[in-house]
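These numbers come from the heavy atoms of this one structure, side chains and all, not from hydrogens, waters or symmetry mates. Sequence lines set the chain letters: A, B, ... in the order given, protein chains first and strands last, and positions in each chain run from 1.
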Amino acid sequence: DGGITQSPKYLFRKEGQNVTLSCEQNLNHDAMYWYRQDPGQGLRLIYYSQIVNDFQKGDIAEGYSVSREKKESFPLTVTSAQKNPTAFYLCASRTGTTMTFDSPLHFGNGTRLTVT
Amino acid sequence: SQKIEQNSEALNIQEGKTATLTCNYTNYSPAYLQWYRQDPGRGPVFLLLIRENEKEKRKERLKVTFDTTLKQSLFHITASQPADSATYLCALDTLYSGGGADGLTFGKGTHLIIQP
């Protein structure tokens, strides 16, 4: 079945450590996104990539980094510079051509990161 | 920037009745609007998309309306069932609403509870 896989489901880290969240898709989608969700908050866009080897900052990119070396993969690194890293992280993808800008997002089932 | 308001309080509905959820937005009129369902600990799942030139869209027991004059979308679930209990998110396009970045802007969601 086609879809988006995020791993791991739960992740625990000590403060000051960098951590990388995995996101893989087999939907052949061009565009991929990372969102952060906190209790009582809407989803907030961290980074997005419309094509391989290119990515753009979203609304809350500080303290995060990404790479897009392959079409199917878009890993997110939460660095020690992120002040409040504990959150639920969601990866999404969609067909990214300008002719299908209204295509829906397909989400993974998230990674819950806890930093202590 | 675009702001989206959804009723953040939980909505309790008796089984069999119609549930109506509201999404209000400010500033730019979006080219389209999407509704998603999110279950606890899972990623959102796309339900319906409605374009600015469409007044109404239906899918089985779901109906979405879009009033660009009122800057509002209504999401209806008819003959509601306990399995419909979830959080429902409204989302607007960002790039084509003057936001400058790709992706969708999400509301905080409304938690719907269908009581047997």
Donor-acceptor pairs are to be reported for all side-chain atoms of residues 70-82 of chain B against protein atoms at under 3.5 Å, with residues two or more places apart or in another chain.
| unit_1 | atom_1 | unit_2 | atom_2 | d |
| --- | --- | --- | --- | --- |
| B:Lys71 | NZ | B:Asn27 | O | 2.9 |
| B:Gln72 | NE2 | B:Asn24 | OD1 | 2.9 |
| B:Ser73 | OG | B:Trp35 | NE1 | 3.1 |
| B:Ser73 | OG | B:Thr65 | O | 2.8 |
| B:His76 | ND1 | B:Thr20 | OG1 | 3.0 |
| B:Thr78 | OG1 | B:Arg61 | O | 3.3 |
| B:Ser80 | OG | B:Gln14 | O | 3.4 |
| B:Ser80 | OG | B:Lys17 | O | 2.7 |

Task: Under 4.5 Å from any heavy atom of chain B - which part of A:Leu105 - done: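 Both backbone and side chain of A:Leu105 come within 4.5 Å of chain B.
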Task: Sorted by number, residues from residues 107-116 of chain B in contact with chain A (heavy atoms, under 4.5 Å) - done: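 Within residues 107-116 of chain B, the residues that come under 4.5 Å of chain A (heavy atoms only) are B:Gly107, B:Lys108.
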Task: B:Gln34 side chain to B:Tyr36 side chain, donor-acceptor N/O pair below 3.5 angstrom - done: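 A pair is found: one side chain offers a donor N or O, the other an acceptor, under 3.5 Å apart.
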- [ ] Compute whether any side-chain donor of one residue and acceptor of the other, for A:Lys71 and A:Asn28, lie under 3.5 angstrom apart.
- [x]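 Indeed, the side chains of A:Lys71 and A:Asn28 share at least one donor-acceptor pair under 3.5 Å.
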- [ ] Sort out for me which residue in A:His29, A:Glu72, A:Gln25 forms a side chain to side chain contact (heavy atoms under 4.5 Å, CB included) with A:Ile4.
- [x]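 Among A:His29, A:Glu72, A:Gln25, the one meeting side chain to side chain contact (heavy atoms under 4.5 Å, CB included) with A:Ile4 is A:Gln25.
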Task: Option passing side chain to side chain contact (heavy atoms under 4.5 Å, CB included) with A:Val78 (candidates A:Thr20, A:Ile46, A:Asn18, A:Leu21) - done: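 Checked A:Thr20, A:Ile46, A:Asn18, A:Leu21 against A:Val78; only one passes side chain to side chain contact (heavy atoms under 4.5 Å, CB included): A:Leu21.
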TODO: Select, from A:Cys91, A:Gly110, A:Gly40, the one with the greatest count of heavy-atom pairs under 4.5 Å involving chain B.
DONE: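 Most heavy-atom pairs within the cutoff with chain B belong to A:Gly40.
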Task: From CG (A:Leu76) to CD (A:Gln6), nearest 0.5 Å - done: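 Atom-to-atom, A:Leu76:CG and A:Gln6:CD are 9.5 Å apart.
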Task: Distance under 6.0 Å and angle within 45° of ring axis: B:Arg51 vs B:Tyr32 - done: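 No - B:Arg51 does not lie over the ring of B:Tyr32 by the 6.0 Å and 45° rule.
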Task: Proximal component of B:Gln6, with respect to chain A [non-hydrogen, under 4.5 Å] - done: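 It is neither, since no heavy atom gets under 4.5 Å.
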